[in-house]
Each structure stands twice: as structure tokens, then as C-alpha cells.
Amino acid sequence: MKSLLVGLIVFIFEKIFILANLKVFCVSSKKSKCRQPCNVPYIKRGDLLEVPRTLFVHFGIYLGNNKVAHLMPDILPVLSDDPCLIRRVVTNKRLIMGVLAKVASIRVDSVQDFAYGGNILVNHVDRSFNTKPLTSEEVAQRAEKLLGATPYSLLWNNCEHFVTYCRYGMPVSFQTQKFCETVKKIIRDRRSILLSAAIGTASVLYMGFGLCTILPNFFISFTLWMAS
């Protein structure tokens, strides 16, 4: 039973991250968007880079020499001490298992590996902050000092928290805030509560107590664990 549940979770997360890497919705901005590797010379050390995906946005700090520091969930450093294996591009399975285990690393990759085929926005987050960013060198040095293993949380310590701390001095995640606001609206909507209760009651009456009725309770516990 445990192996079945773990396999199901990995399968679902893998499909989500495959969709997230598809360039279906890309933010367009003539001034801030650039395609790699053609515009690498226009990126300066300390710049904040972001790559819009379908379901999320990935962030990093440019260190110079075509290198980007970014926070990535990754299970491999927990399982292996081989630096050659760890330096390879993080696969979906490594990333998914890192999310589940809540472990990550702040690593350095090339701009191309960081972008993963997507479009890059440069310093696009600046417009969302009232305070001015730190100096470029200070931003880069902060990122370099944080390289290595770090805990991971979807809500409290993700790649956006890392870059905003480096560039502005405070860890903030706007996409997490938007997600939480959406969840609050759903929870506060009485219609969603009634609908959930009706579906749960109907499933128990129709299917009885079994895997199909236990899984929803499992995923609720799982969501609370990931949000902790």
C-alpha cells in the first residue's frame, strides 16, 4: 500500500512538472525579455533572472561568466556524495523527490540549463518592490555565500525567497502570496465547502470505505505537511 501511494504521488508530481516546463504561457516584454544564449552579454552580475513556466516562475541570480545561482529541490545530495552526479542538470524525478522530502540545494548552473529552453526576464521583480535593490556585487556575493544544501518549502523557502533575499534583503514570494490568497478564497466560499462535503458523503455511500475514499484524506494531510 505504501509503495502504491508513493508511486502515485511521484506520478502526479512528475506530470505537473512536465506541464510546468511547457512554454504555454510566456510573459512578453520587449525590454526585459531575452532569449538565451543570444543575449548573455546584456546580463550583468547580480541581475535577478526569472523564467515563466505554465504553472510557476523559476528564479535565479546571475553570477557572471554565464553562471546562475538558483535554489532547486533535489534529493540526490541526500543519497550521494558524488559531485559529478550532483552537478548534472536536475531531472524531474530528482526535483519531485526533493519537494516530497523537503530538501534542496542552492546550486550554480549555466544560463542555458537554468532557462531550460524558456524565455528569461531580467530584473522584472524590481517593479514589485518599493525599496531599491542592493548593489550588484552585494547581490552576487549574498548568493555565493548561500550556495549548498538548504531546507525546502513550497510556501516558506523556495527559489523566489532566495533571490528576493539576495537582491532586496528580504525573503518574499509573490507567487506564494497569490497562491495563498486563492486558497483563502476557495476555503471562504461556502459553496466549495458544501460541494466538498457532498462529494465526500456520496463517495463513501457509493464506494464504501476503501482506497478511493481514503486517498482524499491522505492528500489533505500531505498538503498540510508540504505547507509546513
Side-chain angles (χ1 to χ4, degrees), residues 13 16-17 19-36 43-63 68-74 90 95-96 98-99 102-107 109 111 114-136 138-143 145-147 150-189 223-228:
F13 267 82
I16 289 174
F17 280 101
L19 287 173
N21 282 303
L22 294 177
K23 297 178 290 180
V24 178
F25 304 108
C26 290
V27 180
S28 61
S29 174
K30 291 183 178 179
K31 293 184 178 180
S32 59
K33 184 175 73 174
C34 64
R35 292 184 179 274
Q36 297 303 327
I43 303 175
K44 303 185 300 295
R45 178 172 164 83
D47 280 348
L48 190 158
L49 311 183
E50 57 181 290
V51 181
R53 305 293 189 194
T54 304
L55 301 177
F56 66 95
V57 180
H58 188 51
F59 296 86
I61 298 294
Y62 186 64
L63 302 179
V68 181
H70 59 130
L71 189 154
M72 283 286 288
D74 187 7
V90 178
L95 189 148
I96 292 166
V99 171
K102 303 177 74 171
V103 293
S105 63
I106 298 171
R107 52 182 286 140
D109 286 304
V111 173
F114 164 77
Y116 205 69
N119 292 329
I120 294 180
L121 302 174
V122 182
N123 298 329
H124 192 257
V125 182
D126 285 357
R127 65 189 67 182
S128 301
F129 274 85
N130 295 324
T131 57
K132 292 183 178 180
L134 303 173
T135 64
S136 298
E138 186 174 358
V139 173
Q141 287 181 1
R142 281 188 170 214
K145 287 180 181 178
L146 292 174
L147 293 177
T150 183
Y152 181 78
S153 170
L154 288 168
L155 299 184
W156 311 117
N157 189 38
N158 60 40
C159 59
E160 190 174 7
H161 290 106
F162 163 65
V163 298
T164 52
Y165 167 76
C166 291
R167 187 165 175 84
Y168 311 104
M170 59 185 74
V172 177
S173 177
F174 293 107
Q175 57 185 346
T176 293
Q177 292 175 2
K178 290 179 181 178
F179 170 77
C180 291
E181 288 300 320
T182 302
V183 171
K184 286 180 183 179
K185 290 179 181 178
I186 295 173
I187 293 174
R188 290 171 180 171
D189 191 336
T223 301
L224 293 174
W225 158 249
M226 293 310 303
S228 65

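Predicted model only: the values in this text are computed from it and were never measured.
- Take Glu138 and apply the side-chain hydrogen bond (donor to acceptor under 3.5 Å, both in side chains) test, not counting sequence neighbours, and it matches no residue.
- Residues Val125 and Glu50 approach most closely at CG2-OE2, 3.2 Å, considering heavy atoms.
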Legend entry - Working for side chain to side chain contact (heavy atoms under 4.5 Å, CB included), residues Ile61 and Val68: CA-CA 5 Å; Ile61 298 294; Val68 181; 5.8 Å; no
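- Side chain of Asn158 to backbone of Leu154: a donor-acceptor contact under 3.5 angstrom is found.
- For Tyr168, the side-chain hydrogen bond (donor to acceptor under 3.5 Å, both in side chains) test picks out Asp126, with sequence neighbours left out.
- Under the ring-ring contact (aromatic ring centres under 6.0 Å, His included) criterion, Phe114 pairs with His58, His70, sequence neighbours left out.
- Every residue meeting the side-chain hydrogen bond (donor to acceptor under 3.5 Å, both in side chains) condition with Thr150, not counting sequence neighbours, appears here in chain and number order: Asn157.
- Distance alone, capped at 3.5 Å, places no donor-acceptor pair between the His124 side chain and the Leu121 backbone.
- To the nearest 0.5 angstrom, Met72 atom CE is 8.0 Å from Ser105 atom OG.
- Among all heavy-atom pairs drawn from Leu63 and Ala69, the shortest one is CD1-CB, 3.9 Å.
- Judged purely by atom type and a 3.5 angstrom limit, Arg167 has no side-chain atom pairing as donor or acceptor with the backbone of Val139.
- In terms of heavy atoms, Ala143 sits closest to Ile106 at O-CG2, 4.5 Å.
- Among all heavy-atom pairs drawn from Gly169 and Leu134, the shortest one is N-CD1, 4.3 Å.
- A heavy-atom distance below 4.5 Å is not found between the side chains of Val51 and Val57.
- Here CZ of Phe174 is found 9.0 Å from CZ of Phe59. Values are rounded to the nearest 0.5 Å.
- To the nearest 0.5 Å, the span separating OG on Ser173 from CH2 on Trp156 amounts to 10.0 Å.
- Nearest heavy atom pair, residue Val90 against residue Asp74, reads CG2-OD2, 3.8 Å.
- At distances below 3.5 Å, at least one donor-acceptor pair connects side-chain atoms of Arg142 with backbone N or O atoms of Tyr165.
- Taking SG of Cys166 as the reference point, atom NZ of Lys145 lies at 10.5 Å (rounded to 0.5 Å).
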Legend entry - Met170/His161 under side chain to side chain contact (heavy atoms under 4.5 Å, CB included): CA gap, chis, key distance, verdict: CA-CA 8 Å; Met170 59 185 74; His161 290 106; over 6 Å; no
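- Rounding to the nearest 0.5 Å places CD1 of Ile120 at 9.5 Å from OH of Tyr62.
- Heavy-atom minimum distance, Ala104 versus Leu71: CB-CD2, 3.8 Å.
- Contacts classified as salt bridge (charged side-chain N to carboxylate O under 4.0 Å, His left out) and involving residues 153-164 (residues at least two apart or in different chains) are not found.
- Applying the side-chain hydrogen bond (donor to acceptor under 3.5 Å, both in side chains) test to Arg107 and every residue at least two apart in sequence or in another chain returns Asp109.
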